[in-house]
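Written below as structure tokens is the structure these notes are about.
Letters go in sequence order (proteins before strands), and every chain restarts at 1. Bear in mind the structure is a predicted one, so any value in this text is a computation, not a measurement.
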2 protein chains.
Amino acid sequence: MEEKINRLKAILAEISDLNHATALLAWDMQTYMPPGGAEGCGNQLALLERLAHERVTSPEMGILLDELKPYAATLEPDSDESRLVKVTGRNYDKALRIPARHIEESARLTARAEQAWMEARQKSDFSIFQPYLERTVALRQEYASFFPGFDHPYDALLDDFEPGMKTADVKAIFEGLLPKQVELIKAITAKPQVEDAFLHQPFDVNRQWGFGEQVISKFGFDWKRGRQDKSAHPFTVEIGLNDVRITTRVDANFLNSMLFGTMHECGHAFYILGLAPELDHTNLQGSASLALDESQSRLWENLVGRSRPFWKHFYARMQETFPQISTVPLEKFYKGINKVTPSFIRVEADEATYNLHIMLRLEIEIAMLEGKVDVKDLPALWNAKMQETLGITPPNDAQGVLQDIHWSQGSIGYFATYALGNLISVQLWEKINQDIPDLEGQIEAGKFGALLSWLREKIHRHGAKFEPQELVQRVTGSRIDPGAYVRYLTKKFGEIYNL
Amino acid sequence: MEEKINRLKAILAEISDLNHATALLAWDMQTYMPPGGAEGCGNQLALLERLAHERVTSPEMGILLDELKPYAATLEPDSDESRLVKVTGRNYDKALRIPARHIEESARLTARAEQAWMEARQKSDFSIFQPYLERTVALRQEYASFFPGFDHPYDALLDDFEPGMKTADVKAIFEGLLPKQVELIKAITAKPQVEDAFLHQPFDVNRQWGFGEQVISKFGFDWKRGRQDKSAHPFTVEIGLNDVRITTRVDANFLNSMLFGTMHECGHAFYILGLAPELDHTNLQGSASLALDESQSRLWENLVGRSRPFWKHFYARMQETFPQISTVPLEKFYKGINKVTPSFIRVEADEATYNLHIMLRLEIEIAMLEGKVDVKDLPALWNAKMQETLGITPPNDAQGVLQDIHWSQGSIGYFATYALGNLISVQLWEKINQDIPDLEGQIEAGKFGALLSWLREKIHRHGAKFEPQELVQRVTGSRIDPGAYVRYLTKKFGEIYNL
């Protein structure tokens, strides 16, 4: 049986190498590729993805799995090999159910839909994008139909991003969260607003860049195992266990983009870099789910980077770097970067309003998939929901239903992971503070070693070995739950806004 | 038969995509990859190279070629399809003769030999490298033995870089060249030396970079289809027909590295960028040979970039960029960048001495391959030959036999291409000056359009369609010949040194 496990690992290593080469191409496309390279890069990506897919679904893989599954059942269920066979089997079963025709049509549609979305957003004209979104919804409905075993069609979509998680679970979590966040925001907006004008002024981009590098160096980012570049949309990419790259964007007139973007992506990078080496080069490399992934980025961005102890350590250096804020007291700066204000654009939303943007999208996605809402009615529905939850109505569709690229890429089913990531980050944070009672003091002293070690030990090293609910349960003792997040928001913003 | 040609093209397109993805990985390794990425990148490169090799030598390829060869014989011999089948057949026949064991051992040896060479050069101790070079020579002898049809074992090696070219041809060319170059250098060294101290002083690296960009932009480098980055060793890489990247290095205290390096690599890039689109995505993409490739880089570096008309156009701008040379007259600058002086290091050699470095290596390579010289005797042989041709003896082996990386990479057989490239560049130059009588005037006016168009039309668009001798014959009316180069050196340096 060892021979078969080794053969499985050899195939998985090949798939891993193909995926990492693909990742480099994708990274290059967003960072350094000259415009002329787009078509060639597209061809190369398509080929490498096909070669990986062929290996995931090969007849040899099917035979190997048939032979290995009974053997894996005899192993300790949490052992690496048992999980390896389980995850490989799951991926194989899923991949086999999706006809090549569906994959091809989705790819073709996506290429055109993204163009249409860009034009629609630019002109703020939903009708340009509508037919593409209608077809996208139909394809996602068809996709769900390939997996008839689920309770709800949305489950099939969600499962690709949050293995084992059900739509009903997410709904229950969000139902517990929504009223409390709406209530909190109402209370905040009734209070005098904090000032943040000092964040919106010219900041030298090279100094910004240097400051971001200093921060994540202190966090423990290992420049021998990664790098940071500029891109229009920040992202993190795994080229390999020892080559994880992040990107960020720098706004010459607003500090937050670079600052929190860099910390956010660094959090993603830590997850990949913290993998147990024995899981490298297998399909257990990666994260348990997108929500777990997001929990790591949000933890560094918000729970560390938007905290008072963090700025107690870094603020003097920041004022040195940017003399234009030398007269802004620490407390004023802290409140400014934590300003809560209902806004139209999700990616710019603060901690208190962010999840509301997500819940709105989830509700709409589920309704589209169930066929309970017509795509043509989305703009009106979107605006009504914005008014209902955030108390504001977008002035146009570009700032409303057309703001996110995701649907144009066929990604219906993963918005929830952003909000779940926020919830998990605070659940972990409560546990970390129990395990490291002096955490605040350490952060204030610019020491992040114990925090990073904890995350590596509890989360990162496991890669994709556990399902998200399972991992959260193992680490915190409970499943994903909004309680901690509500406690966190209430305490933090209660204090900032004197609620 | 059309179906079979299309199937062949589909396979060649896949190989091309794999090679281009490989090229991106190699580019990344030399430019942006963090050190930790080396091992993963090595795995990915090995996999992609294996996948390409499998396609080049697949049974399907063999069957297709058997069917297509008789058909290709009925086509016009210079047609794209005829050449496509011919070149594919040549590559297939070659690849099939080389046992996988040989490829693997060569790869393993290279990885260790390069390390050993680096250490040997650092310590200037040939004995560290000697056993690796002995094994390399043995492997290259074995490689030659896979191709028993050649007149000389070195032919088999040379043929990989200069298809169709024979060792006897190269020897005959070099025998006509060597005495004339030696004689010229003797005449030059008897004359008073020109001054070039002004080239060796601090030059702001960003300004250097900007100046290089200006020059190649004027040449016609299309930044939408390429880019330039920094690397320890300058190179040009084809990621695709519309994505060709060059790199250069900048020396803060010497102008020439950036200046002539940038023009050199730009010349290579033009070759790739000038391909006829109908040859894209096939194995006719690329160059006719390494010598032809080098003829293009040398043409822009030397015949354009080290010429008086070029500097008549650019020198005012250069003096503006670098006020530290504002008192150096144009004529003095021109002579300075063309200073001839026998030196130890090939890559720093001037136009008049460069080929002598190559001829020395060729003689040694052939003798090694014939078994007429023991590897252990190389340092002494090297030094004796240096004294004989250049009149100087290296003070140590680091500046002698250990200076070049090539042998450590298993590359025995292609040094000649550098010198052949020089010869071809001037053969082309004579022809270009006939076809564009006003060429000097155009260069002086900063106009390079007609020159680039000529090169595209005569050389670039054909890619790898013709063999090198065939292409030179087609374009210049004669085969590769040292006459033009000798005329050029004699005239140029006769004038600079008042011979």
Side-chain angles (χ1 to χ4, degrees), chain A residues 10-11 13-29 31-52 54-55 221-229 237-247 269 272-273 277 280-281 285, chain B residues 10-11 13-29 31-52 54-55 221-229 237-247 269 272-273 277 280-281 285:
Chain A
I11 299 174
E14 257 193 25
I15 296 169
S16 167
D17 282 330
L18 287 167
N19 289 340
H20 286 150
T22 301
L24 184 76
L25 266 62
W27 169 84
D28 182 68
M29 193 164 61
T31 51
Y32 295 109
M33 186 184 78
E39 192 186 336
C41 182
N43 289 333
Q44 295 154 31
L45 282 173
L47 173 61
L48 295 185
E49 281 163 8
R50 176 163 69 70
L51 293 175
E54 280 171 11
R55 282 158 179 74
F221 188 76
D222 182 351
W223 299 94
K224 289 194 291 299
R225 298 176 64 206
R227 49 178 292 117
Q228 181 172 238
D229 297 273
V237 66
E238 170 196 313
I239 316 287
L241 175 58
N242 295 305
D243 183 356
V244 179
R245 307 187 188 185
I246 62 177
T247 72
I272 304 168
L273 290 164
D280 184 28
H281 238 173
Q285 185 159 26
Chain B
I11 300 174
E14 257 193 26
I15 296 168
S16 166
D17 283 330
L18 286 167
N19 289 340
H20 287 149
T22 300
L24 183 75
L25 264 62
W27 169 84
D28 182 67
M29 194 164 59
T31 51
Y32 295 109
M33 186 184 78
E39 192 187 334
C41 183
N43 288 333
Q44 295 154 33
L45 283 172
L47 173 62
L48 295 184
E49 280 162 11
R50 176 164 67 73
L51 293 174
E54 280 171 12
R55 282 159 178 74
F221 188 77
D222 181 353
W223 298 96
K224 290 194 291 298
R225 297 176 66 205
R227 52 178 291 116
Q228 181 172 236
D229 297 273
V237 65
E238 169 195 313
I239 316 287
L241 175 58
N242 295 305
D243 183 357
V244 179
R245 307 187 187 185
I246 62 177
T247 72
I272 305 169
L273 289 163
D280 183 28
H281 237 173
Q285 187 160 23

Task: Nearest-0.5 Å distance that lies between atom CD1 in B/Ile239 and atom CD in A/Gln44 - done: 7.5 Å
Open item on the list: Need one label for B/Asp28: side chain, backbone, both or neither, based on atoms under 4.5 Å from any heavy atom in chain A.
Closed with: side chain
TODO: State the OH-CG distance between B/Tyr32 and A/Asp229, to the nearest 0.5 angstrom.
DONE: 7.5 Å
- [ ] For residues B/Lys224 and A/Pro34, report the shortest heavy-atom separation together with the two atoms involved.
- [x] O-CB, 3.5 Å
- [ ] Sort B/Leu25 into side chain, backbone, both or neither according to what part of it lies under 4.5 angstrom from a heavy atom of chain A.
- [x] both
Open item on the list: Under 4.5 Å from any heavy atom of chain B, what part of A/Leu241 do you find: side chain, backbone, both or neither?
Closed with: neither
Task: Audit row: A/His20, B/Asn43, side chain to side chain contact (heavy atoms under 4.5 Å, CB included) steps and yes/no - done: CA-CA 10 Å; A/His20 286 150; B/Asn43 288 333; over 6 Å; no
Open item on the list: As an exercise, state the distance from CG of B/Asp243 to CD of A/Glu39, rounded to the nearest 0.5 Å.
Closed with: 12.0 Å
Task: Partners meeting side-chain contact (heavy atoms from CB on, under 4.5 Å) with A/Ile272 (sequence neighbours left out) - done: A/Thr236, A/Glu238, A/Val244
Task: Interchain contact, B/Trp27 with chain A, by part (heavy-atom threshold 4.5 Å) - done: side chain
- [ ] Might you work through the side chain to side chain contact (heavy atoms under 4.5 Å, CB included) test for A/Leu51 and B/Leu18, ending with a clear yes or no?
- [x] CA-CA 11 Å; A/Leu51 293 175; B/Leu18 286 167; 4.1 Å; yes
TODO: Please collect all salt bridge (charged side-chain N to carboxylate O under 4.0 Å, His left out) contacts where either partner lies in residues 13-22 of chain A, sequence neighbours excluded, each pair once.
DONE: A/Glu14-A/Arg55, A/Glu14-B/Arg50
Task: Selection from B/Cys41, B/Ala13, B/Ala21 maximising heavy-atom pairs under 4.5 Å formed with chain A - done: B/Ala21
Open item on the list: I'd like to know which of B/Met33, B/Arg225, B/Arg245 tops the heavy-atom pair count under 4.5 Å against chain A.
Closed with: B/Arg245
Open item on the list: Counting heavy-atom pairs under 4.5 Å with chain A, which one of B/Gly40, B/Gly240, B/Ala38, B/Pro35 comes out on top?
Closed with: B/Pro35
